[in-house]
Amino acid sequence: VPKLGFFIANDVSSRSLQILGEGMQNRLAYWGMSKSFAGFLPMTKKIWIPDEHRANAIPCVTLQTRVNGEVRQNASTADMIYTPLQMLRAARKTYPQLPLKQGDIFIMGTPGGIALATPRWKGRLAELLRFSRFTKLKFVLKGDQSKFLKPGDTVSVSGGWLGEVQSTIR
């Protein structure tokens with residue numbers, strides 16, 4: 001029986017690449033590419049593996065992200081929408097040609113508080129007006145970028161007893 005391990009990671013993304021994938025048939029390829037740059041997934045060195053295997057169990061911890069000491073994200077894993085088993089099934093359905101192997105890493109989600117958040121009404125309006133992906137990106141880049149990460153920013157992601165990972169944006 002495969003075992004699940006848990007760790008803390010900072011799932012950094014290039015949001016501009018994700019936006020460019022909107023409306024594209026291969027949207028998930030853009031999503032994956034936006035997370036694939038060197039240094040974009042700092043994670044704790046230790047992984048906790050429960051003694052007893054339960055496919056849908058998630059350790060209850062508070063996930064907190066700080067940028068230069070300021071809390072940006074603060075949420076409990078109890079608020080997660082999907083269970084590990086649901087995530088694994090979705091990955092299998094989306095990428096049936098890629099076998100899951102021991103040691104594969106899955107990031108389970110991101111708490112609210114990311115720098116680039118679009119209100120639902122704006123997203124719907126952009127769809128109604130049939131904005132191209134380039135127009136969407138242009139509007140995002142014209143908006144408030146004060147919360148975007150900049151070179152020199154220190155990002156710390158903690159998960160209580162699961163540990164903490166810190167990185168500096170270059």
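Every heavy atom of this structure was used, including side-chain atoms; hydrogens, water molecules and symmetry mates were not.
The line from CD of Gln73 to CD of Gln64 is 10.0 Å long, rounded to the nearest 0.5 Å. If you take OG on Ser158 and CG on Asn10, they are separated by 11.0 Å, rounding to the nearest 0.5 Å.
For Lys101, the salt bridge (charged side-chain N to carboxylate O under 4.0 Å, His left out) partners are Asp104, not counting sequence neighbours. Residues satisfying the ring-ring contact (aromatic ring centres under 6.0 Å, His included) test with Phe37, not counting sequence neighbours, are Phe40. Scanning for ring-ring contact (aromatic ring centres under 6.0 Å, His included) contacts around Phe131 gives Phe139, with sequence neighbours left out. With sequence neighbours excluded, no residue forms a side-chain hydrogen bond (donor to acceptor under 3.5 Å, both in side chains) with Gln166. In this view, Arg27 and Glu22 satisfy the salt bridge (charged side-chain N to carboxylate O under 4.0 Å, His left out) rule, not counting sequence neighbours.
Among residues at least two apart or in separate chains, there is no salt bridge (charged side-chain N to carboxylate O under 4.0 Å, His left out) pair with a member in residues 155-170. For the salt bridge (charged side-chain N to carboxylate O under 4.0 Å, His left out) condition, no pair includes a residue of residues 38-51, sequence neighbours left out. Sorted by first then second residue, the ring pair (Phe, Tyr, Trp, His ring centres under 6.0 Å) pairs that include residues 149-170, not counting sequence neighbours, are Trp48-Trp161. Annotation: side chain to side chain donor-acceptor pair (under 3.5 Å) contacts involving residues 31-42, sequence neighbours excluded, comprise Asp11-Lys35, Ser13-Lys35, Gln18-Ser34. Residue pairs meeting the salt bridge (charged side-chain N to carboxylate O under 4.0 Å, His left out) criterion with at least one member in residues 150-163, sequence neighbours excluded: Lys150-Asp153.
Nearest heavy atom pair, residue Ala91 against residue Phe106, reads CB-CE2, 3.3 Å. Of all heavy-atom pairs spanning Cys60 and Ser76, the tightest one is SG-OG, 3.9 Å. Taking both residues in full, the closest heavy atoms of Pro84 and Leu4 are given as CB-CD1, 3.5 Å, listed atom of the first, atom of the second, then distance.
Of the residues Val155, Asn68, Thr154, the one that meets the side chain to side chain contact (heavy atoms under 4.5 Å, CB included) test with Leu149 is Val155.
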- Message: Set out, in order, the CA-CA distance, both residues' side-chain angles and the distance that settles side-chain contact (heavy atoms from CB on, under 4.5 Å) for Thr135 and Leu129, then state yes or no.
- Response: CA-CA 11 Å; Thr135 302; Leu129 296 174; over 6 Å; no
- Please lay out, stage by stage, how Val157 and Leu63 fare under the test side-chain contact (heavy atoms from CB on, under 4.5 Å). CA-CA 7 Å; Val157 179; Leu63 301 172; 5.8 Å; no
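No more than 12 heavy atoms of other residues, nucleotides or ligands shown are found within 6.0 angstrom of CD on Gln102. Remark: Arg89 CZ is loosely packed, at most 12 non-hydrogen atoms of other residues, nucleotides or ligands lying under 6.0 Å away.
Other members of the cluster containing Phe7 are Leu41, Met43, Ile47, Ile49, Ile105, Ile107, with ILVMFWY side chains joined at under 4.5 Å, either directly or via other members. Grouping Ile, Leu, Val, Met, Phe, Trp and Tyr residues whose side-chain heavy atoms lie under 4.5 Å apart, directly or via other members, places Met87 in a hydrophobic cluster with Ile58, Met80, Ile81, Tyr82, Met108.
In this structure the side chain of Phe6 never reaches within 4.5 angstrom of the side chain of Val61, judged on heavy atoms.
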